**Student:** 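Before I ask anything, let me first share the structure, which is written out below as structure tokens.
Heavy atoms only: backbone and side chains are in, while hydrogens, waters and symmetry mates are out. Just so you know, residue 1 is the first one in the sequence shown, and it goes up from there. Owing to the predicted nature of the structure, the values given are computational and were not obtained by experimental measurement.
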Amino acid sequence: MCVVEGEIMNNEGVILKKLRKENNYTQEQIANYLQIDQGLVSKIEKGERNLNLNLLDKLSYLYNCSHEYILGKSDVYSPNKFAFRVDEKNPSLEIVAKMNQIMSNLKFLKNLD
């Protein structure tokens, strides 16, 4: 638990809100990507609800980070740096997540050498 703006929050909520804002996504975009209600995204960010494994996996792919980072158990975060054209007003988070997944798999394969 930590305190942000006078509220007690769990680390995962703080981290997810930070990641969402850094990537300029709205709660509605995240909710659509996760196929859940926007109110649930808000509750997760406030620490009122916990993530299930499916949501944790999807968010890990979207933000290109480990489960441990989202859960506040690791400080290691080095997102991929790549650019591709998207509709800036309504980016497809599914495409972003898949690109991150592909990049992570390529990094893994490179490290096998």
Side-chain angles (χ1 to χ4, degrees):
M1 297 285 207
C2 63
V3 178
V4 175
E5 297 177 13
E7 295 181 36
I8 298 176
M9 304 177 78
N10 66 357
N11 285 339
E12 71 188 46
V14 172
I15 292 165
L16 288 172
K17 185 174 184 177
K18 178 180 151 251
L19 288 169
R20 180 177 59 78
K21 289 187 176 257
E22 285 176 354
N23 287 279
N24 297 315
Y25 299 144
T26 64
Q27 285 184 347
E28 185 175 344
Q29 288 173 304
I30 298 299
N32 289 337
Y33 166 68
L34 297 173
Q35 299 177 330
I36 60 174
D37 185 71
Q38 180 270 327
L40 182 55
V41 173
S42 177
K43 288 179 180 181
I44 290 168
E45 287 185 359
K46 291 178 182 176
E48 296 172 1
R49 293 287 302 266
N50 292 322
L51 291 170
N52 64 37
L53 187 56
N54 181 49
L55 297 180
L56 184 59
D57 281 340
K58 289 180 88 171
L59 289 166
S60 291
Y61 289 134
L62 178 63
Y63 297 124
N64 192 41
C65 61
S66 67
H67 291 182
E68 291 79 16
Y69 180 79
I70 290 175
L71 297 173
K73 297 179 180 188
S74 171
D75 292 335
V76 178
Y77 178 56
S78 56
N80 290 323
K81 305 287 187 211
F82 63 90
F84 58 96
R85 291 187 181 198
V86 295
D87 179 358
E88 291 185 24
K89 292 182 181 179
N90 192 18
S92 170
L93 300 189
E94 290 83 8
I95 291 173
V96 172
K98 285 295 182 190
M99 291 298 295
N100 280 330
Q101 188 176 10
I102 290 167
M103 294 295 292
S104 292
N105 290 340
L106 290 173
K107 281 182 186 179
F108 174 76
L109 291 173
K110 183 180 176 185
N111 289 333
L112 289 178
D113 285 341

**Student:** Measure across Glu45 and Arg20 and return the closest heavy-atom pair with its distance rounded to 0.1 Å.
**Tutor:** OE2-NE, 2.6 Å
**Student:** OG1 of Thr26 to NZ of Lys21: how many Å apart, nearest 0.5 Å?
**Tutor:** 10.5 Å
**Student:** Please check: side-chain N/O of Asn11 versus main-chain N/O of Leu71, any donor-acceptor pairing under 3.5 Å?
**Tutor:** no
**Student:** Say whether Gln38 and Glu28, considering side chains only, have a donor N or O and an acceptor N or O under 3.5 Å apart.
**Tutor:** no
**Student:** Check the pair Tyr33 / Val96 against side-chain contact (heavy atoms from CB on, under 4.5 Å), numbers first and verdict last.
**Tutor:** CA-CA 11 Å; Tyr33 166 68; Val96 172; over 6 Å; no
**Student:** What's the spacing between Lys110 NZ and Met103 CE if we round to 0.5 Å?
**Tutor:** 10.0 Å
**Student:** Heavy-atom distance under 4.5 Å between the side chains of Ser66 and Val76, does that happen here?
**Tutor:** no
**Student:** CG/Leu56 to CG/Leu34 distance, rounded to the nearest 0.5 angstrom?
**Tutor:** 10.5 Å
**Student:** To the nearest 0.5 angstrom, please state how far the CG atom of Asn64 sits from the CG atom of Leu59.
**Tutor:** 12.5 Å
**Student:** Is there a side-chain contact between Leu51 and Ile70 (heavy atoms, below 4.5 Å)?
**Tutor:** yes
**Student:** Has Asn111 got more than 12 heavy atoms of other residues, nucleotides or ligands less than 6.0 Å from its CG?
**Tutor:** yes
**Student:** Measure the spacing between OH of Tyr63 and CG of Asn100 and express it to the nearest 0.5 Å.
**Tutor:** 11.0 Å
**Student:** Which heavy atom of His67 sits nearest a heavy atom of Asp57, and at what distance?
**Tutor:** NE2-OD1, 2.7 Å
**Student:** Out of curiosity, Leu55 CG to Gln35 CD, how far, rounded to the nearest 0.5 Å?
**Tutor:** 10.0 Å
**Student:** Do the side chains of Lys98 and Glu94 get close enough for a salt bridge, i.e. N-O under 4.0 angstrom?
**Tutor:** no
**Student:** Should the heavy atoms of other residues, nucleotides or ligands under 6.0 Å from CD of Glu22 be counted, would the total exceed 12?
**Tutor:** yes
**Student:** Has Tyr69 got a side-chain atom pairing as donor or acceptor with Ile15's backbone, closer than 3.5 angstrom?
**Tutor:** no
**Student:** Give a yes or no answer on whether the side chain of Asn23 reaches the backbone of Tyr25 with a donor-acceptor pair at less than 3.5 Å.
**Tutor:** no
**Student:** Taking the side chain as every heavy atom from C-beta outward, state whether Leu62 and Ile30 have any pair of such atoms under 4.5 Å apart.
**Tutor:** yes
